[in-house]
Structures are given as C-alpha cells and as structure tokens.
Amino acid sequence: MVCVNHLLTSNTTYGEAELVALLQQRNNQAFTYLYDNYSGALFGVISQIIANKEAANDVLQEVFINIWRKIETYDLSKGRLFTWMLNIARNASIDKIRSKSWQNDLKNQSMPEDVNTLENQSVRLNTDNVGIKKVLGKLKEEQRTLIELSYFQGYTHEEIAKGLNIPLGTVKTRIRSALLQLRSMIG
Amino acid sequence: MNINEYISSGIIESYVLGLASAEERAEFEKLCKEYPELVVARNAFELSLEKQAFENAPQSPASAREGFMNFINQESLASKSKIITMENSTSGKSSGPRWLAAASVILLLVAGYFAYQFYNQTKELKNANRDLEAKLKTSDSVLNRIAEEKKVMSDPKVTVVNLVGLAKAPASSASIYWDSTSANVWLLVKNLPQLPSDKQYQLWAIIEGKPKNLGLFDPQAENKVMLKMNNTQKADAFAITIENRGNTGGPNLEELQTMGKPKL
C-alpha cells in the first residue's frame, strides 16, 4: 500500500493493467485518479448524446458508479479500459434519452414511438464539436442518418432496416462504410 | 477467411463503438484469439478514438465528481463496517472451539517435540547397540580362541614339542601341541622373524627320515595365536623351514629354522 500511495500522491500516470488491478481491488485512490483523468473524455461522449448539461452531469455520475460496480467484468484482452468505459457511457446515455421520464420531460420533442418517424429524428444534430459528431457533418446525409440512429440513438440494425425500409444487409454495409469514413477523418 | 479483408470491412469500428450484433461480437472476439494482426488493428483504432476523445474533452462538472466521491467513500465505509461485524460475530460464536484449537495446537507441538526427542534417542541407542554388538562379537571370538587354546594346552593327551632355533635362526622358537590320539596339530609361534612377502614358513613332520607337509603359515598374519595345522598320526620330529610362498614341493632343508622332537 505504501507503494500505491506513493504512486497516487505523485502525478504519475501509470499503466492500464496496473490501474485496472487497483480498480478491481476497489481502491478509492485509484477511482479518484480514474475520475480525474477520464471524466472529461467520458463527459464528452455523454454530451454528444445528451445536450442538456444537467442531465449529462447526472449520467456521468451514474456512469462512474456503474464502472465501480462492474469493474470486475472488464476484460483487458477484449479492449482498452477507455473503450469499455466509453461503451458504458454511451449505453447509459442512450438509456437515459430512451427512458419514460426523459421522454415526458421533452414535451415538445418526444422520441419516436413509431419507427417510421426515425428519418425525421435523424437530422437533429446538436452543435457539439467533439468526437465523432465533430466530423459527422462531412458524411453524406444517408450515412449521417445511419450513424445518428445507430451510434447516437442506439437503434439496432434491425430497427433501422425496418424503420427506413432498407434491407438489413444494406444497413449493415452502409453503417460499416460510414464508420470507415469517420475513422479516416478522426484518425 | 481473408483476415485483411475482415480487418478493413468496418467490423473493428463497429465492434469498438458497440454497434456490432452479439453474433458479430462473438466472432470478432474468437478471431482476435487467432489473428494477432486483428488485435493490433483493433488497438490502433481504440487508441485513435481515445486520443481524439481526450483532445476534445470538455471539462467535467464538479458536482458529478463530488457525487461519485461521496459514493465511493460510503461504499468503503460500508465494506469496512461489514468486516468488523463479521469479525465480532466470528469471535463471539467460536470462542470455545478457538480455545480448543489453541490447546490442540500446543498439544500437537508438545507431542511433536517428544516424538522428535524419542526419535533421536532411539537412533543413538541403536548406534550404541550396534557398536556393543560388534565389540561383543570380537570379544567372543577372542575368548573362544583362548578357551580353545587353553583346552588344547591343558589336555593331558596333548604333547608339547618345543622347537628351538637352529644355526640359521638361533632366536627362533615355536611350540607344537600335538594330540597323537586325534592326530590334531597346533602351532604356537613364539618368535619367528617376519619374512619378505614372497616367502612363507612351512611346518613339517619328519617320519622315518621323510618330511610330511603340515602346512604353510604366516605367523604375523595370524596375530601370533595358536595355529591349527594339518593332522599327523606320526612324527619323529617337527621342523619349520622357509619356503617360497605357496610351496608345493619338498622342504628346503638349507633353510631349516627350528626343530624339535617329541618326548616319547
């Protein structure tokens, strides 16, 4: 513990495996470190999906509590810690905007109950200039719609295929091609 | 499967961003174990995504931090108090068995100590016993020999013939104990000089002017005790010569050392 305290009280950044080991031991200082180093990036991810600052703040806190609860299930071999947390943040954000309470709060703009209205929803882009959203505008509208629906609103490929009346295979192919283009833009 | 095509199909981006279906995820994770290049490509995309997210990261709100810190502090307090509760209940319930456990451990240690002591003592006693046994055997054999010699010497049927040194070896002397009834012959060496290793003494019985071999011997080798020689019913005289080791021929009378006649 002496060694760990030393690491944490200094400004050392340390290896992901080391950090994960401490997190899985429920080390408070490791979680403090995690928050101080990753909360900004995760808040960015959340803000891409939830424009409302206050709601995004609530989700961020919820995301860190989820990370604390689920840290045992993180598997280093399946991907980086940030990727794992990014997906927790994205899922929590989508759960939030899909929740009944959220939809009731948005009196003037409810989420589409009927998948046929998806297309109208898809063009709603907020002005956040971070992450994937930053370069989303550079995509063709057709591709932008698919990314918006799948990544930012969490619709499954099946739901999108049905809603937009496009074959499932085409949805999959177009989303992948859009992702590859996004990658080339952010990389 | 063409792994390069797979890598550039968009599956990596789809997987990392959480857009892949359950089947696609399972396949991807399976292939990652088979193709290291797939893991390398995945990692590269993850890093670029992470880098991009950090470069554009907004400041996170302080209220979320405060909320999270309160949460982990409460959780760690809760887990600590859980441990204390468990300790109390454990010590309360099992004070009897714990006392017994301590006693049994002490008993075990004491028993172990004694067992070790006994083991060592037994080992020492066994060694001492073995030494004594060896000494006893030696003593027994010495005693038996002495008793045998005593029996021979005190046997009234046994005639003693003193062999005296001749011109070649005036200091030499030996005695023959001869039981003319049983024909047993013993030789007691009193003084015979040591010989070179290729030579041996030989005892002869002279019968009607002819030598009879009664055996080759090395007095030093036999530790100067009474030697049992070949039997002879008759002997006009006994003589000792020096012969080549293992002599099978007749006596070398030029090397006659001692000689004596039985008093008949």
Side-chain angles (χ1 to χ4, degrees), chain A residues 26-28 31-32 35-47 53-54 56-65 67-68 75 77-83 86-87 90-91 128-132 134-135 147 150-151 154 156-158 172-173 175-180 182-183 186-187, chain B residues 5-26 28-30 32-33 36 38-39 41-80:
Chain A
R26 294 290 197 284
N27 182 295
N28 279 4
F31 273 101
T32 306
Y35 188 92
D36 291 343
N37 285 275
Y38 289 85
S39 62
L42 292 176
F43 190 61
V45 169
I46 295 163
S47 299
K53 283 261 174 197
E54 204 181 319
N57 177 64
D58 289 349
V59 171
L60 180 66
Q61 186 178 322
E62 190 187 309
V63 163
F64 269 92
I65 289 171
I67 290 167
W68 189 93
D75 182 352
S77 72
K78 288 183 182 172
R80 292 178 61 77
L81 179 63
F82 178 74
T83 305
L86 172 131
N87 279 294
R90 175 178 164 260
N91 290 335
D128 282 357
N129 200 25
V130 291
I132 290 173
K134 183 181 170 186
V135 289
I147 296 300
S150 63
Y151 183 78
T156 66
H157 291 13
E158 286 81 2
K172 191 174 284 181
T173 313
I175 286 174
R176 286 197 181 181
S177 132
L179 288 173
L180 286 169
L182 282 174
R183 181 186 180 167
I186 66 165
Chain B
E5 265 178 31
Y6 184 74
I7 285 172
S8 55
S9 70
I11 180 65
I12 290 173
E13 294 74 11
S14 186
Y15 175 87
V16 168
L17 291 170
L19 300 183
S21 67
E23 295 80 33
E24 287 171 332
R25 295 185 70 80
F28 185 87
E29 284 166 11
K30 187 171 156 276
C32 274
K33 285 172 186 158
L38 183 57
V39 177
R42 183 199 72 199
N43 204 44
F45 177 61
E46 289 189 84
L47 276 173
S48 72
L49 195 66
E50 192 169 330
K51 183 166 164 277
Q52 204 278 332
F54 273 81
E55 276 171 4
N56 299 287
Q59 181 139 23
S60 62
S63 59
R65 188 181 195 279
E66 201 182 318
F68 179 59
M69 290 304 134
N70 285 340
F71 169 81
I72 59 173
N73 286 333
Q74 273 172 15
E75 285 293 329
S76 68
L77 274 176
S79 71
K80 270 177 200 158

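Naming: A, B, ... by sequence-line order, numbering from 1 per chain. These values consider heavy atoms only, across backbone and side chains, with no hydrogens, waters or symmetry-generated copies.
Ranked by heavy-atom pairs under 4.5 Å with chain B, the list A/Val59, A/Leu60, A/Val63, A/Ile175 is led by A/Leu60. Taking chain B as the reference chain and counting heavy-atom pairs below 4.5 Å, the highest number among A/Arg80, A/Gln61, A/Glu158, A/His157 is found for A/Arg80. When the candidates B/Lys33, B/Glu24, B/Gln59 are compared by the number of heavy-atom contacts under 4.5 Å with chain A, B/Glu24 comes out ahead. Your options are A/Ser150, A/Ala56, A/Gly79, and the one with the most heavy-atom pairs under 4.5 Å with chain B is A/Gly79.
Proximity to chain A involves both the backbone and the side chain of B/Ala44, based on heavy atoms less than 4.5 angstrom apart. Looking at A/Lys172, the atoms closer than 4.5 Å to chain B (heavy atoms on both sides) all sit in the side chain, from C-beta outward. In this structure, no portion of A/Asn91 lies under 4.5 Å from any heavy atom of chain B. Neither the backbone nor the side chain of B/Phe28 has a heavy atom closer than 4.5 Å to any heavy atom of chain A. Using a 4.5 Å cut-off between heavy atoms, B/Arg65 contacts chain A through both its backbone and its side chain. Using a 4.5 Å cut-off between heavy atoms, A/Ser177 does not touch chain B at all. Heavy atoms closer than 4.5 Å to chain B are found nowhere in A/Leu42, neither backbone nor side chain. Both the backbone and the side chain of A/Asn57 come within contact range of chain B, with heavy atoms under 4.5 Å apart. The contact between A/Tyr35 and chain B is made entirely by side chain atoms (from C-beta outward), counting heavy-atom distances below 4.5 Å. The parts of B/Ser9 that come within reach of chain A are both its backbone and its side chain, each placing non-hydrogen atoms under 4.5 angstrom from that chain. Proximity to chain A (any heavy atom under 4.5 Å) is restricted, for B/Glu29, to the side chain, taken from C-beta onward. Heavy-atom distances place the side chain of A/Arg90, and not its backbone, under 4.5 Å from chain B.
With rounding to the nearest 0.5 Å, the separation of OH in A/Tyr38 from CD1 in A/Ile67 is 10.0 Å. Rounding to the nearest 0.5 Å places CG of B/Leu49 at 5.5 Å from CG of B/Leu17.
Between B/Glu75 and A/Arg26 there is no salt bridge, since no side-chain N of the basic residue sits under 4.0 Å from a carboxylate O of the acidic one. Salt-bridge formation is detected for the pair B/Lys51/B/Glu55: a Lys NZ or Arg NE/NH1/NH2 atom is positioned less than 4.0 Å from an Asp or Glu carboxylate oxygen.
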Determine, stepwise, if the pair B/Phe71 / A/Phe64 fulfils ring pair (Phe, Tyr, Trp, His ring centres under 6.0 Å).
CA-CA 10 Å; B/Phe71 169 81; A/Phe64 269 92; over 10 Å; no
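Side-chain contact check for B/Asn73 versus B/Leu77: every heavy-atom pair is 4.5 Å or farther apart. No side-chain heavy atom of B/Val16 sits less than 4.5 Å from a side-chain heavy atom of A/Leu86. No side-chain heavy atom of B/Glu46 sits under 4.5 Å from any side-chain heavy atom of B/Ile12. Residues A/Ile65 and A/Glu62 are not in side-chain contact: their nearest non-hydrogen atoms beyond the backbone lie 4.5 Å or more apart.
Stacking of B/Arg25 on the aromatic ring of B/Tyr15 is recorded, both the 6.0 Å distance cut-off and the 45° axial limit being met.
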